[in-house]
Every structure is written in C-alpha cells, then in structure tokens.
Amino acid sequence: MIRTTGILADRAIAALFDTGRLVTERPLDSDQIQPASLDLRLGTKAFRVRASFMPGPNSLVSDKLDRLKLHVVDLSQGAVLETGCVYIVPLMERLDLPADMSASANPKSSTGRLDIFTRVITDYAQEFDKIPAGYSGPLYLEISPRTFPIVVRQGSRLSQIRFRIGNALLGEPELLKLHNDETLVASQQPNVSGGGIALSIDLAGDGQGLIGYRGKHHTAVVDVDKKAQHDIFDFWEPLYSRGRNELILDPDEFYILVSREAVHVPPLYAAEMTPFDPLVGEFRVHYAGFFDPGFGHEAAGGRGSRAVLEVRSHEVPFILEDAQIVGRLVYEHMLDAPEGLYGSGLGSNYQAQGLKLSKHFRS
Ligand SMILES: Nc1ccn([C@H]2C[C@H](O)[C@@H](COP(=O)(O)OP(=O)(O)OP(=O)(O)O)O2)c(=O)n1
C-alpha cells in the first residue's frame with residue numbers, strides 16, 4: 001500500500017523512536033506501541049495546580065506551573081490523586097516531529113471508563129490534545145479524577161498519542177463505500193453524514209435487562225496499573241431497563257453504557273468517536289475516542305464488539321432513550337498496514353466486548 005497521508009502504524013512509531021523524533025527518559029515498554037498509537041507514560045512528579053489552564057501562544061507549560069502549582073506529589077513510589085483536584089504531570093516522552101507530521105492524544109479507554117479526565121498539553125498550546133506539525137518539546141498530562149480516587153506511579157499509562165501525516169479522513173462517499181464493503185457499524189439503517197457513521201445507545205439491555213452502571217461515590221482507590229483488582233459492586237451500581245428503555249441522567253453522576261451496534265475497524269483504518277452533534281450540549285458520551293485497527297475485526301477475534309460509552313449529563317437532568325444517536329465514528333486511513341491488530345496477541349482487554357467495565361474490575 002502506498003499512501004502519502006495517514007496515521008502511522010506500529011512499525012513507523014518504532015522508527016520515530018529509532019530516529020530521535022520520539023525521545024524518552026528510558027526505553028519504551030515492550031507493549032507501549034499499539035497498532036496505531038503510542039501509550040504515554042507518567043514521569044516522576046505530579047504538580048497539583050489550582051485550576052486547569054492553557055499555555056497559549058507565548059508560554060511554556062513550565063512557566064505556568066511555576067505560577068499555578070500548589071504542591072508537588074512524588075510519583076516514584078506511587079501516590080493517590082484525589083477526585084476534584086487538577087494535576088499536571090510531565091510525561092516521559094518528548095517529541096521532535098518532522099515538519100509534515102502532527103499528532104493527537106486521547107485518554108486510553110481504560111482511563112475513560114474510570115472517569116479520569118485527562119488531556120495532553122504542549123508548550124505554546126492553544127488546544128488540548130492537539131500536537132501541531134513539527135512540534136519539538138515536552139509533553140504534559142493534565143489529570144483530574146472525577147469519580148474514584150486513583151493510585152498512579154512513574155510509568156503509568158493513562159493517555160495515548162496518534163501520529164499522522166496530512167489529512168486522511170474518509171469523506172462521506174468513501175465512508176459509505178467502505179461500510180458497504182466491510183460493514184463498519186452493524187445497523188439495519190446506517191446513518192452516514194458529516195463524515196461519520198452514527199452510533200446509538202442500547203437501553204434495552206441484555207437477557208437480564210442490564211443496561212449499564214452508575215459510579216458510586218466515596219469508594220476505595222483504584223490502582224490504574226492493576227487488573228481485576230476490585231469487586232464491581234464496591235464501585236458500581238448496576239442499572240436495569242425495567243421495560244421503559246430509557247434512562248434519566250443525573251448531572252452529577254457518571255455512567256457506563258454501551259452502543260447498540262457492533263463496531264468494526266478494518267486493518268487499514270483507524271477510527272475515532274466524535275460527539276454526535278457538538279451543538280447538543282446536554283450530555284457528553286465519551287472521553288476516550290480512539291478505536292484501533294482490528295477492533296471488532298472477525299479475523300482478529302473481534303466479531304460483535306460494541307463501543308463502550310462513558311456518559312455524563314451537563315447542568316440539567318437529561319432523558320436518554322433506547323436507540324438515540326449519541327456519537328459518530330469517523331475513519332482515517334492508516335499510512336501503512338499495522339504489524340499487530342487490536343485483539344491479536346497484544347494483550348488487548350476489550351476485543352469482542354459487550355457492556356464492559358474497565359479491566360480493573362473482576363467480571
Ligand atoms: N469510548 C471507547 C473507546 C474505545 N473503545 C474500544 C476501542 C479500542 O480499540 C479499545 C481499546 O482502547 P484503548 O487502546 O484506548 O484502551 P486501553 O489501552 O485501555 O485498552 P487495551 O489495553 O485493550 O489496549 O476500546 C470503546 O469501546 N469505547
């Protein structure tokens with residue numbers, strides 16, 4: 001495949017490291033490179049700040065930190081980050097991107113499922129999670145746990161980055177053709193518009209009528225690096241449909257719900273979930289939006305994978321109804337085929353998932 005625009009696959013990400021475009025304090029972890037992204041690792045310190053901020057075109061993040069920091073937390077042995085507080089953590093990875101390469105970051109799915117709000121910040125940034133073409137400098141992660149206090153340590157991976165050359169988003173005709181050829185979203189009436197394919201919410205539930213979970217308050221801490229550590233019911237209240245197939249979102253609560261449709265990302269593409277309509281401001285359906293090449297792909301064991309939706313209502317209570325459209329998946333070309341696909345021997349946690357909490361809970 002010869003493409004001049006697209007998202008860098010695993011081998012090309014490894015080459016960034018080999019050629020000094022990606023510089024790290026210590027060698028990459030063996031599983032840090034994913035099919036179309038790189039996990040970012042926390043450094044040794046977290047700065048508790050008074051409030052979130054944007055550096056703006058004239059400032060380094062370190063200048064702002066000098067002014068806004070309240071307290072420094074040592075992460076070398078692990079530390080608790082409390083809910084409702086904002087922390088800035090210098091990451092182990094630095095970039096020296098070529099002039100034609102940009103990048104974007106997103107929380108890992110496991111991070112979003114724990115309701116940990118994270119955004120990557122660069123020096124001179126005017127937008128969160130966007131790294132302009134040719135950026136040379138450090139990366140920082142803003143972290144704000146919303147529902148559960150968390151334990152993190154040097155090397156914890158909460159966020160991930162995709163590198164891209166040019167713009168390789170599929171337009172509507174191309175997306176429709178790909179859907180007709182490969183079935184991107186298993187739906188009777190696929191809704192393709194605005195360059196994305198719609199995802200709707202499942203509030204009918206499974207055999208027992210389970211439709212989702214609501215996060216509990218005042219829980220124990222979750223160690224972000226430990227799998228299957230906690231009993232689900234210590235942290236989550238299960239929600240059942242009780243025949244009405246609707247859910248009233250309370251503005252102060254966090255919900256894990258699931259898409260009605262199975263989702264498929266063919267190997268030569270990467271997808272991202274975007275809000276259904278940025279003007280519908282009543283609720284937000286996700287923090288984590290990256291969908292890897294191979295997610296839901298039958299040959300990679302993914303048949304029937306649904307999308308997990310992290311939902312919060314803003315300001316007012318909001319009624320979600322079954323089959324309501326809540327997000328869109330946009331697809332981008334990969335620059336090259338990934339060597340590994342999501343789910344195939346990469347220790348992936350969410351291939352072929354239904355309604356699935358994060359890996360930290362015992363199912
Ligand atoms: N809101 C979202 C975002 C992602 N995913 C799915 C599609 C992704 O391909 C998969 C894994 O996403 P990440 O790589 O972001 O997640 P983790 O790194 O936490 O999981 P893993 O260890 O399985 O890679 O989860 C999802 O169901 N719902």
Side-chain angles (χ1 to χ4, degrees), residues 7 9-10 13 29-41 104-118 120 129 150 152 156-162 184-186 196 199-202 212-213 222 224-228 254-267 269-276 283-297 300-302 304-312 326-332 334 338 340-361 363:
I7 296 194
D10 37 20
I13 298 174
D29 297 348
S30 58
D31 58 350
Q32 199 177 341
I33 298 179
Q34 305 282 321
S37 61
L38 173 78
D39 287 352
L40 297 169
R41 296 171 297 183
S104 58
N106 230 248
K108 279 163 51 107
S109 193
S110 303
T111 309
R113 290 172 205 224
L114 286 177
D115 199 19
I116 310 169
F117 188 70
T118 70
V120 167
D129 277 340
I150 56 172
V152 300
S156 294
R157 289 145 47 171
L158 297 180
S159 183
Q160 58 192 325
I161 189 168
R162 275 182 179 171
L184 302 178
V185 160
L199 281 183
S200 67
I201 197 111
D202 180 355
Y213 296 91
V222 179
V224 299
D225 298 322
K226 298 214 169 109
K227 282 194 200 175
F254 176 67
Y255 301 84
I256 292 287
L257 305 172
V258 69
S259 68
R260 275 197 329 157
E261 301 85 4
V263 167
H264 175 209
V265 187
Y269 300 86
E272 184 168 349
M273 189 161 30
T274 61
F276 159 54
F283 62 94
R284 170 189 177 117
V285 285
H286 72 94
Y287 299 121
F290 286 173
F291 283 65
D292 299 282
F295 181 78
H297 189 58
S305 301
R306 313 254 213 116
V308 159
L309 307 164
E310 307 121 34
V311 181
R312 255 187 190 283
V326 289
R328 286 191 185 283
L329 279 177
V330 296
Y331 283 73
E332 268 177 277
M334 295 295 295
L341 285 180
Y342 191 79
S344 46
L346 298 182
S348 309
N349 292 292
Y350 305 119
Q351 186 68 300
Q353 69 181 355
L355 172 63
K356 178 97 168 68
L357 292 167
S358 73
K359 61 190 175 195
H360 312 93
F361 302 97
S363 46

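Whatever order the structure lists ligands and atoms in, that order sets their numbers, starting from 1.
- Near Met273, the atoms of ligand 1 lying under 4.0 angstrom from a non-hydrogen atom of the residue are 1 (N).
- The shortest N or O to N or O distance between Gly289 and ligand 1 is not below 3.5 Å.
- At the top of the distance list for atom 1 (N) of ligand 1, counting protein heavy atoms only, stands Ala288 O, 2.8 Å.
- To the nearest 0.5 Å, atoms CG (Leu309) and CG (Leu199) are separated by 7.0 Å.
- Summarising the contacts of atom 2 (C) of ligand 1 with Asn106, Val308, Leu346, Asp292, the nearest heavy atom is found in Val308.
- When Ser109, Ser305, Pro35 are checked for heavy-atom proximity to atom 12 (O) of ligand 1, Ser109 turns out nearest.
- Contact annotation: for Phe295 versus ligand 1, heavy atoms closer than 4.0 Å belong to the side chain alone.
- With contacts defined as side-chain heavy-atom distances shorter than 4.5 Å, the pair Pro35/Leu341 does not qualify.
- Per-residue contacts place Gln353 under 4.0 angstrom from the following atoms of ligand 1 (heavy atoms of the residue considered): 26 (C), 27 (O).
- Between Glu310 and ligand 1, an N or O atom pair is found at a separation short of 3.5 Å.
- For ligand 1, the atoms sitting less than 4.0 Å from at least one non-hydrogen atom of Gln160 are 13 (P), 14 (O), 15 (O), numbered in the order shown with element in parentheses.
- Rounding to the nearest 0.5 Å gives a distance of 10.5 Å between NE2 of His264 and OH of Tyr269.
- Nearest non-hydrogen protein atom to atom 7 (C) of ligand 1 is Phe291 CD2, 3.4 Å.
- Contact of the Gln34 side chain with the Asp39 side chain is registered, since non-hydrogen atoms from C-beta on lie closer than 4.5 Å.
- With a 4.0 Å cut-off on non-hydrogen atoms, Lys227 does not touch ligand 1 at all.
- Atom OG of Ser358 is separated from atom CG of Leu114 by 4.0 Å, given to the nearest 0.5 angstrom.
- Residue contact check: Ala307 has heavy atoms under 4.0 Å from atoms 27 (O) of ligand 1.
- For the atom pair CG of Leu38 and CZ of Arg157, the computed distance is 8.5 Å after rounding to the nearest 0.5 Å.
- Between Ser110 and ligand 1, at least one pair of N/O atoms sits closer than 3.5 Å.
- Within the 4.5 Å cutoff, the side chain of Arg113 has heavy atoms near those of the Lys356 side chain.
- In this structure the side chain of Leu329 never reaches within 4.5 angstrom of the side chain of Leu184, judged on heavy atoms.
- Closest protein heavy atom to atom 18 (O) of ligand 1: Lys108 NZ, 3.1 Å.
- Contact annotation: Arg113 has at least one heavy atom less than 4.0 Å from an atom of ligand 1.
- By the 3.5 Å distance cut-off applied to N or O atoms, Tyr342 is counted among the residues near ligand 1.
- One distance of note links CG of Leu346 with CG of Asp292; it measures 8.5 Å at 0.5 Å rounding.
- Distance from atom 20 (O) of ligand 1 to its nearest protein heavy atom, with residue and atom name: Tyr350 CE1, 3.4 Å.
- Separation of atoms OH (Tyr350) and NZ (Lys108) is listed at 8.0 Å; rounding is to 0.5 Å.
- Between Phe291 and Val263 there is a side-chain heavy-atom pair separated by less than 4.5 Å.
- The shortest side-chain heavy-atom distance between Gln351 and Phe295 falls under the 4.5 Å cut-off.
- Counting the atoms of ligand 1 from 1 in the order shown, those under 4.0 Å from a heavy atom of Gln34 are 24 (O).
- The protein atom (non-hydrogen) at minimum distance from atom 22 (O) of ligand 1 is Asn349 ND2, 2.7 Å.
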